[in-house]
Protein chains: 2
Amino acid sequence: MRQIHLNEIYHLYIACLNNQDWDKLGTFISNDVRYNEKLISLAGYRAMLEGDFLAIPDLRFEIEILISDENHVASRLQFDCTPHGRLFGMDVNGKRIKFSENVIYQFRDHKIVSVWSVIDKAAIAAQL
Amino acid sequence: MRQIHLNEIYHLYIACLNNQDWDKLGTFISNDVRYNEKLISLAGYRAMLEGDFLAIPDLRFEIEILISDENHVASRLQFDCTPHGRLFGMDVNGKRIKFSENVIYQFRDHKIVSVWSVIDKAAIAAQL
């Protein structure tokens, strides 16, 4: 049951991102969240996401694969978007690109406390 | 029980890679395996791994995080190695580098049939 529960929470989290419903972000993200080992806190996490949507106005998180156990979620996310200007140090300048992210989340008390993300930046470079 | 079982199979698979025990690879990898959506077959998978060990003689797969459900394994792998020459199009030339891979595997009949891998190549570039 617990496993299904994290899947459900994760779907709600992704909907929160896609709706840019930042006031609800604290429902899913712990105050002391770490992103790729760095303590960035909930405020830093929100600022990162707000920055992502500024750089990519049509950003949308699509779950391709979702796996969970009692304390973790792993997912493969797909992006199909048109970033303005530069992204990850590359000049995208409004070109439509598709790329993937494999990401693992650790949960504690139903909130995300740690995120380990790898974005396929090489795939973006190959499309430019 | 099934979930624990895939974790155990995965640990044996990683040991097989670290031992370069290629004759056992077919115990873990399906004949019609796909790697990042491309059908490469068991022979192609073996050739890819043999090429990895040629490029990186001290290659070692270390599991940092392991998550599984009935049909999938997700893991975060860590690498700490000294590739010869070029790796992923970058001139590494024997420098010691550390990087991560977030990878998801789909299993069928206890064998890996599909792999979705994202390697943190940007982390390597930042170390050169």
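A, B, ... follow the sequence lines: proteins, then strands. Residue 1 opens every chain.
In this structure, chain B has no heavy atom under 4.5 Å from any part of A:Gln106. Proximity to chain B (any heavy atom under 4.5 Å) is shown, for A:Ile67, by both the backbone and the side chain.
Note on B:Ile104 and A:Phe61: separate hydrophobic clusters, where clusters join Ile, Leu, Val, Met, Phe, Trp and Tyr whose side-chain heavy atoms are under 4.5 Å apart, directly or indirectly. Linking ILVMFWY side-chain heavy atoms closer than 4.5 Å, directly or via other members, places B:Phe88 and B:Leu54 in two distinct hydrophobic clusters. A:Val113 and B:Leu66 fall into different hydrophobic clusters, where Ile, Leu, Val, Met, Phe, Trp and Tyr residues are linked whenever their side-chain heavy atoms come under 4.5 Å apart, directly or through other members.
When each of B:Asp120, B:Val118, B:Ile119 is tested with A:Asp120 by the rule side chain to side chain contact (heavy atoms under 4.5 Å, CB included), just one qualifies, namely B:Val118.
To the nearest 0.5 Å, atoms CD1 (A:Ile65) and OG (B:Ser114) are separated by 7.0 Å.
Residues B:Trp116 and A:Asn102 share a closest heavy-atom pair of O-ND2, 2.9 Å.
Ranked by heavy-atom pairs under 4.5 Å with chain B, the list A:Glu64, A:Lys121, A:Arg76, A:Glu101 is led by A:Arg76.
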